[in-house]
Chemist: 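Here it is, the structure in full.
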Amino acid sequence: MPKTNEELEELFNEWADLIRISGGDPFRARSYEKAAAALGAYPKDVASLDEKALQAIPTIGKSMAARIREYVDKASLHELEDLRELVPPGVRELTRIPGLGPKKAVLLNQELGVSNIDELVVAIGEHKLRGIKGLGPKTEENIARNIEQFQQHGDRVQLNVALSLAEELVAGLAECTAVQEVTYCGSLRRMRETIGDVDILAASNDVEAVMNAFDELPMVGRTIARGDTKMSVITLKGVQVDLRVVPHDAWGAALIYFTGSKAHNIKIREMAVKRGWKLSEYGLFTTKTDKRMAAKTEEAVYAKLGLPWIPPTLREDAGEVEAALAGNLPTLIELDDIKGDLHTHTNLTDGQATIEDMLATAAARGYTYYAVTDHAEHLYMTGMSREKVLAQRAKIADLQKKFPKMTILHGTELNIDQHGQVDYDADFLSGFDITVASVHSYFNLSRDGMTKRIITAMENPNVHIIGHPTGRKINSRLPYEFDAEAVFAAAARTGTAMEVNSYPDRLDLRDEHVRWAIGAGATISIDTDSHAVGHLAGIRYGVATAQRGWAQKANVLNAKPLKQLEAFVARKRAKAR
DNA sequence: GCCGTTTTCGGCCCGACTGTTTTCAGTCG
């Protein structure tokens, strides 16, 4: 997303926190949060908009627009700076600890002078919290434990880790006879790239039995809360899991509630309120007579609100409700639409598996084509040479006979050098069926330099896909700086696909970028970058990320039949002449 | 601070759980 949007998202979120900490109007705080989310998701650079255009963005009114302009024009926000003066430094940091909200953070600061997490740890060690009115020994204990949990597992877990944990938990609970239905919900069902807590929903009329069964699952560690319908635990690996048990006849309403997102739920609950109804996890009710109108299935609840069923990957209040009302919901790309993988490796370079094993696994997935794209020679550590390339090509011609239903494409993953050039000359490049080109070096170029570099590579008629386009690694490496708007426009202009790399620690492009790239008219390619046979199944993460970016089948290169894929490559090569 | 098919003022989603209280505030999702 554009840099200004990102900065404003962060600043407005800080603003919202400071309003809450300073005891300001909570609804006003929410306005800032909503505006922050809207700016973060906005696909164009807001720095280029005037006040009138800014106000056309939902949640941005007159004063928000003026503040955005102030920030763009003067690089400052004087009201936010004034507010920072009012709030003791460090109090906001304290609210990052689970269970410690603005009220308690202020209390701790006022009573004990605590202004950061380290000082709080010392105060707890001296048992100073229990003397404060409203706090007791339990609170002191809980905060101490939450700090420990936060410091050890502060990062959200990756999608694949959370998903396999959730699948294990669901399978375990399904064996309990009291469980009528069980599934995972929350950000995991929405397939967000990282997951805070794993949410499990079960239907049963024997809550005790389900909770006891949950407690006894081997991966479950400590219980942190247990009530009549809800229970929270920490797994042995330190992930928080929330279990909610509901009556079977409220399954659909509970699914919606527990899947979220919070913003999506608020949106549809407001729709209910406007009709004189009330929506909760127990169903959709009339306010006057408390009569339940829908609850059994998600479809029934959405239908009563005048909406089609909305796929979980879209439920972020990012325009999906409005699109649903207008009958414009996208028909999302599905896993079954994927016809092949266009970015994969073998043990000829840095992969773990032989080409035979990779091909057999791909064929078993039912792919109609598959590209072998081992690294090119400028990634010296992989020891690639032209001789090896040609030998691999000959081998593929041979192996093709073993896979009559799957066309094997011979490709390569090229390295984009700091000037935008790639490993081979046009002549040698034309021998490949398809190529991926990626940035593997010089991550610290200037924004302009990086932008120019990537666009230069895209202008090469023998470059068909840009691999992991932003270079980010979740929780470890930031994306490199470049002008995404210019790059996506160039992708559309040059007929180059932008990859959605499915590797769980990459997911690159990410959801918001996918939506933006598609909006710019670019084609995306959902690939696994597999280095082992087990990686090929990871395509589900890429498909989910593309869904979160509103991608439809027509936007995806490797959802096209082979002929159309070949035409995509040929069109680009023809441009060189 | 935003917003409008009851509205330009007065609303703003809804419920669960904990810990500290003797009926509720704070926090979470």
Side-chain angles (χ1 to χ4, degrees), chain A residues 12 15-16 19-21 23-38 54-68 79 94-108 129-130 132-143 145-146 185-190 195-201 207 211 223-232 240-246 250 253-254 256-285 287 305-306 315 317 325:
Chain A
F12 278 23
W15 207 327
I19 288 169
R20 289 206 177 88
I21 292 167
D25 178 5
F27 294 109
R28 197 170 152 244
R30 218 188 112 198
S31 291
Y32 280 87
E33 260 170 10
K34 285 168 93 169
L54 286 167
Q55 285 181 61
I57 303 173
T59 75
I60 305 294
K62 205 175 165 190
S63 65
M64 292 284 187
R67 287 175 176 131
I68 294 167
E79 286 161 304
L94 294 178
T95 65
R96 289 172 65 207
I97 298 164
L100 196 50
K103 294 286 195 299
K104 279 191 200 136
V106 168
L107 192 64
L108 291 172
L129 269 62
R130 56 187 66 179
I132 302 171
K133 187 167 180 278
L135 304 183
K138 276 279 193 185
T139 304
E140 189 174 87
E141 238 174 76
N142 287 340
I143 291 177
R145 220 168 20 208
N146 287 340
C185 300
S187 53
L188 187 55
R189 184 165 177 239
R190 303 198 311 278
I195 310 296
D197 307 334
V198 170
D199 298 315
I200 307 285
L201 179 68
V207 177
M211 287 190 178
T223 299
I224 48 177
R226 180 165 170 165
D228 294 337
T229 69
K230 206 178 136 182
M231 175 170 172
S232 296
Q240 182 170 333
V241 183
D242 297 335
L243 170 70
R244 183 75 187 263
V245 187
V246 295
I256 291 177
Y257 157 73
F258 221 25
T259 298
S261 65
K262 189 177 172 182
H264 175 87
N265 285 349
I266 289 175
K267 187 84 146 205
I268 60 176
R269 284 173 178 199
E270 280 169 353
M271 286 175 66
V273 169
K274 276 176 195 151
R275 288 166 168 77
W277 302 336
K278 182 185 70 170
L279 176 62
S280 74
E281 56 265 51
Y282 298 111
L284 183 60
F285 300 85
T287 309
L305 290 169
R315 298 183 197 172
D317 189 24
L325 280 171

Chemist: CE of A:Met64 to OH of A:Tyr32: how many Å apart, nearest 0.5 Å?
Modeler: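 Reported to 0.5 Å precision, the distance equals 5.0 Å.
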
Chemist: Should the heavy atoms of other residues, nucleotides or ligands under 6.0 Å from CG of A:Asp228 be counted, would the total exceed 12?
Modeler: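 Open: at most 12 neighbouring heavy atoms sit under 6.0 Å from CG of A:Asp228.
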
Chemist: Measure the CG-CG distance between A:Leu129 and A:Leu107 for me, rounded to the nearest 0.5 Å.
Modeler: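 One finds 8.5 Å between CG of A:Leu129 and CG of A:Leu107.
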
Chemist: Using the C1' atom as the reference point in each nucleotide, state the distance between B:dA16 and B:dT7 in Å, no decimals.
Modeler: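 About 33 Å, rounded to a whole number of Å.
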
Chemist: Taking syn as within 90° of 0 and anti otherwise, name the glycosidic form of B:dT22.
Modeler: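 Here the answer is anti: the torsion falls beyond 90° from 0.
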
Chemist: Can you tell me if A:Glu140 uses its side chain to pair, donor with acceptor, with the backbone of A:Arg130 under 3.5 Å?
Modeler: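 Yes, because the side chain of A:Glu140 sits within donor-acceptor range (under 3.5 Å) of the backbone of A:Arg130.
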
Chemist: Distance under 4.0 Å to a non-hydrogen atom of chain A counts as contact; along DNA chain B, which nucleotides mark the start and end?
Modeler: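 Here the contact window of chain A covers B:dG1 to B:dG29.
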
Chemist: Mapping A:Glu79 and A:Thr229 to their closest nucleotides on DNA chain B, which lands nearer the 5' end?
Modeler: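 It is A:Glu79, whose closest nucleotide lies nearer the 5' terminus.
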
Chemist: Quick check on contacts: within residues 258-267 of chain A, what sits under 4.0 Å from DNA chain B by heavy-atom distance?
Modeler: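 When residues 258-267 of chain A is checked for heavy atoms under 4.0 Å from DNA chain B, the hits, listed by number, are A:Lys262, A:Ile266.
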
Chemist: Say we look at B:dT8 and B:dG15: how far apart would their P atoms be, to the nearest angstrom?
Modeler: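 Between the two P atoms, the distance is 28 Å.
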
Chemist: With rounding to the nearest 0.5 angstrom, report the CG to CG distance, A:Leu100 to A:Asn142.
Modeler: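 So the gap between those two atoms works out to 11.5 Å.
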
Chemist: Heavy atoms under 4.0 Å, any strand shown: does A:Lys62 hit a base, just sugar-phosphate, or nothing?
Modeler: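 Counting heavy atoms under 4.0 Å across all strands, the contact made by A:Lys62 is with sugar-phosphate only.
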
Chemist: Select base, sugar-phosphate, or nothing to describe what A:Asp25 touches, counting heavy atoms under 4.0 Å on all strands.
Modeler: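 Base contact - A:Asp25 has a heavy atom under 4.0 Å of at least one base atom.
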
Chemist: Could you work out, with side chain to side chain donor-acceptor pair (under 3.5 Å) as the rule, every residue matching A:Glu79, not counting sequence neighbours?
Modeler: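 With neighbours one apart ignored, the set is A:Arg67.
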
Chemist: On a whole-Å scale, what distance lies between the P atoms belonging to B:dT27 and B:dT21?
Modeler: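 These two P atoms come out 15 Å apart once rounded.
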
Chemist: Counting only heavy atoms and a strict 4.0 angstrom limit, can you tell me which residues of residues 97-108 of chain A come near DNA chain B?
Modeler: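 A:Ile97, A:Pro98, A:Gly99, A:Leu100, A:Gly101, A:Pro102, A:Lys103, A:Lys104, in order of number.
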
Chemist: Could you tell me the Watson-Crick or G-U partner of B:dC9, where both distances fall under 3.5 Å? Say none if there is no partner.
Modeler: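 Here B:dC9 is engaged in a pair, and the nucleotide opposite it is B:dG4.
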
Chemist: Could you give the distance separating B:dT6 and B:dC2 at their P atoms, to the nearest angstrom?
Modeler: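 Here B:dC2 and B:dT6 have their P atoms 23 Å from each other.
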
Chemist: My understanding is that only residues two or more places apart in sequence, or in another chain, count here; which of them pass salt bridge (Lys or Arg N to Asp or Glu O under 4.0 Å) with A:Arg226?
Modeler: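 Here the qualifying residues are A:Glu208.
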
Chemist: Considering only atom C1', compute the distance from B:dT5 to B:dC14 and round it to an integer number of Å.
Modeler: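 Their C1' atoms lie roughly 25 Å apart.
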
Chemist: Just call it for A:Arg275: base, sugar-phosphate, or nothing, with non-hydrogen atoms closer than 4.0 Å on any strand.
Modeler: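 The residue A:Arg275 makes no contact with any strand.
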
Chemist: Between A:Arg244 and A:Thr229, do the side chains contain an N or O donor and an N or O acceptor separated by less than 3.5 Å?
Modeler: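 A donor-acceptor contact under 3.5 Å links the two side chains.
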
Chemist: Distance check, C1' atoms only: B:dG29 and B:dT23, in whole angstrom units.
Modeler: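 Those two atoms are separated by 24 Å.
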
Chemist: Strictly distance-based, threshold 3.5 Å: is any side-chain N or O of A:Arg275 a donor or acceptor partner for the main-chain N or O of A:Met271?
Modeler: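 Yes, the answer is positive, given that a donor and an acceptor are paired below the 3.5 Å cut-off.
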
Chemist: Check ring-ring contact (aromatic ring centres under 6.0 Å, His included) between A:Tyr257 and all other residues, then give those that pass, not counting sequence neighbours.
Modeler: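 ring-ring contact (aromatic ring centres under 6.0 Å, His included) list for A:Tyr257, sorted by chain: empty.
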
Chemist: Given the C1' atoms of B:dA25 and B:dT20, what is the spacing between them in whole Å?
Modeler: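 To the nearest whole Å, 9 Å.
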
Chemist: Take atom C1' in B:dT18 and the same atom in B:dG10, then report the distance between them in whole Å.
Modeler: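 Result for the C1' pair: 33 Å, nearest Å.
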
Chemist: Between A:Asp199 and A:Phe27, just flag the one whose closest nucleotide in DNA chain B comes earlier from the 5' side.
Modeler: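 Looking at the nearest nucleotide for each, A:Phe27 comes out on the 5' side.
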
Chemist: Hey, what do you get for SG (A:Cys185) to CG (A:Leu201), rounding to the nearest 0.5 Å?
Modeler: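 Answer rounded to 0.5 Å: 4.5 Å.
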
Chemist: Run the salt-bridge test on A:Arg20 and A:Glu33 with the 4.0 Å N-O cut-off and return the result as yes or no.
Modeler: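 So A:Arg20 pairs with A:Glu33 through a salt bridge.
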
